[in-house]
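Computation of the quantities below employed the complete heavy-atom set of this structure, encompassing side-chain atoms and omitting hydrogens, waters and symmetry-equivalent molecules. In what follows, chains are A, B, ... by sequence order, proteins preceding strands, each numbered from 1. Given the structure is predicted, the values throughout are model-derived calculations rather than measurements.
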2 protein chains.
Amino acid sequence: MKNCEHEEEHAYAAARAKCNMPSDDDIAALAAAFKAISEPSRLKILFALRQGEMCVYHIVDAVGGTQSAVSHQLRILRDNRVIKARRDGQNIVYSLADAHVVAVLELACRHLNCKL
Amino acid sequence: MKNCEHEEEHAYAAARAKCNMPSDDDIAALAAAFKAISEPSRLKILFALRQGEMCVYHIVDAVGGTQSAVSHQLRILRDNRVIKARRDGQNIVYSLADAHVVAVLELACRHLNCKL
DNA sequence: TTATTATATGAATAAGTGTTCATATAATAT
DNA sequence: ATATTATATGAACACTTATTCATATAATAA
């Protein structure tokens, strides 16, 4: 490694990177959060909930698939605080956890030129 | 499904969700993009490149691991247009693809209360 | 040309993940 | 209490994915 034209700047960037690298715990948390929203069936759930809160029956209606599969995905999203739940009688009503979720989805859509 | 207190609104939300659901292709592209940034080793690479462009040697230095493993991860990030590459002599210099990448990382950090 | 340096990649293995099926829990109705 | 409705969950299987090892390519130097 002596021939790169920008060797010196790269070495400084690497040094800064080592100083400013988030902790392993933060990296793991970020990875888990992104993993939670990186599966098609879970993304569909999020886009569905973007239209407003819904109970499981309607989520299944909106995104397709079996009740069991949707329920498993809801748990993953909930465990990662991407969505939240409240009980209403026999139903569990789900909604997006906070505005960050929508913001990230919209940013990614813009990045990829997806229509919303 | 007749007992939920908000049955009617949920049904409307589900109906809107079906109309406004992104195409399967867009969902797949979004899922792939999030999957690309949902692994600890790849996230470390992104946080490293946040400090500026770097060639592989310095990325390996900044994030640890073997050259081969880093190279495989770089390909995944590149295939998903999260990072871009240019050749400089014998070196390949990598950098973040665009501002969206940093924006998404920062949003997620705020969501999870990670320090940057 | 041959050697060296920088980076990429195919194959293999090990670990992780999504769905299905069957069943469990929890609330309500009879 | 029993039945019904809504949702959740454990286990199993198929599929995917990250890393390692060995090797390939690409640029440059001698």
Side-chain angles (χ1 to χ4, degrees), chain A residues 1-7 10-11 14 27-28 31-46 49 53-80 83-95, chain B residues 1-7 10-11 14 27-28 31-46 49 53-80 83-95:
Chain A
M1 253 317 288
K2 10 187 115 99
N3 304 319
C4 183
E5 200 184 331
H6 303 86
E7 156 68 17
H10 296 172
I27 289 283
F34 285 126
K35 189 159 296 178
I37 63 172
S38 71
E39 290 300 324
S41 41
R42 291 199 286 273
L43 275 175
K44 283 189 187 176
I45 292 173
L46 298 182
L49 292 178
E53 61 166 31
M54 266 180 252
C55 58
V56 178
Y57 179 91
H58 286 118
I59 296 174
V60 171
D61 178 42
V63 308
T66 68
Q67 179 268 320
S68 179
V70 170
S71 214
H72 278 292
Q73 305 295 12
L74 287 169
R75 164 154 280 293
I76 291 170
L77 289 169
R78 194 181 176 187
D79 284 349
N80 285 279
I83 62 176
K84 59 192 178 189
R86 71 164 215 276
R87 182 173 278 281
D88 178 4
Q90 295 178 74
N91 305 284
I92 310 285
V93 180
Y94 285 95
S95 54
Chain B
M1 255 315 291
K2 9 185 115 103
N3 304 319
C4 182
E5 199 186 331
H6 303 88
E7 156 67 16
H10 296 172
I27 290 283
F34 285 126
K35 187 159 297 178
I37 64 172
S38 70
E39 292 298 326
S41 41
R42 290 199 287 272
L43 275 175
K44 283 188 187 175
I45 292 173
L46 298 182
L49 292 178
E53 61 166 32
M54 265 180 253
C55 58
V56 179
Y57 179 92
H58 286 117
I59 296 174
V60 171
D61 178 43
V63 308
T66 68
Q67 179 267 321
S68 179
V70 169
S71 213
H72 278 293
Q73 305 295 12
L74 287 170
R75 164 153 281 292
I76 292 170
L77 290 168
R78 194 182 176 185
D79 285 347
N80 284 279
I83 62 176
K84 59 192 176 188
R86 71 165 215 275
R87 182 174 278 281
D88 179 3
Q90 295 179 76
N91 304 284
I92 309 284
V93 181
Y94 285 95
S95 55

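- Both Arg87(B) and Ser71(A) lie near DNA chain D, and the one whose nearest nucleotide falls closer to the 5' end is Ser71(A).
- Rounded to whole angstrom, the span from the OH atom of Tyr57(B) across to the C1' atom of dT7(C) amounts to 14 Å.
- With hydrogens and angles ignored, no donor-acceptor pair closer than 3.5 Å exists between the side chain of Gln73(B) and the base of dA18(D).
- For the OP1/OP2 pair of dA27(C) and a distance below 4.0 Å, the side-chain nitrogens and oxygens of Asn91(A) include no atom meeting the criterion.
- Among the nucleotides dT5(C), dT9(C), dG10(D), the one closest to the side chain of Ser68(B) is dT9(C).
- dT19(C) has no stacking from His72(A) on its base ring, since the centres under 5.5 angstrom apart and planes within 30 degrees of parallel are not both found.
- Near DNA chain C, defined here as any heavy-atom distance below 4.0 Å, there are no residues from residues 34-43 of chain B.
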Only distances under 3.5 Å count here; give the side-chain donor-acceptor pairs of residues 35-45 of chain A to other protein atoms, sequence neighbours excluded, each with its distance to 0.1 Å.
unit_1: Lys35(A); atom_1: NZ; unit_2: Glu39(B); atom_2: OE1; d: 3.4
unit_1: Lys35(A); atom_1: NZ; unit_2: Glu39(B); atom_2: OE2; d: 2.5
unit_1: Ser38(A); atom_1: OG; unit_2: Lys35(A); atom_2: O; d: 2.8
unit_1: Glu39(A); atom_1: OE1; unit_2: Lys35(B); atom_2: NZ; d: 3.4
unit_1: Glu39(A); atom_1: OE2; unit_2: Lys35(B); atom_2: NZ; d: 2.5
unit_1: Ser41(A); atom_1: OG; unit_2: Gln73(A); atom_2: NE2; d: 3.3
unit_1: Arg42(A); atom_1: NE; unit_2: Ala36(A); atom_2: O; d: 2.6
unit_1: Arg42(A); atom_1: NH1; unit_2: Gln73(A); atom_2: OE1; d: 2.8
unit_1: Arg42(A); atom_1: NH2; unit_2: Lys35(A); atom_2: O; d: 3.1

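- Put simply, the side chain of His6(B) does not reach to within 4.5 Å of the side chain of Met54(A), judged on heavy atoms.
- Atom C1' of nucleotide dA26(D) and atom CG of Asp88(B) are separated by 14 Å, given to the nearest angstrom.
- Looking only at distances, a side-chain donor or acceptor of Asn80(A) sits under 3.5 Å from a matching main-chain atom of Ile76(A).
- With distances taken from any side-chain atom of Tyr94(B) to the nucleotides dA8(C), dA8(D), dT28(C), the minimum falls on dA8(C).
- Comparing dT7(C), dT28(C), dT7(D) against the side chain of Val56(B) picks out dT7(C) as the nearest.
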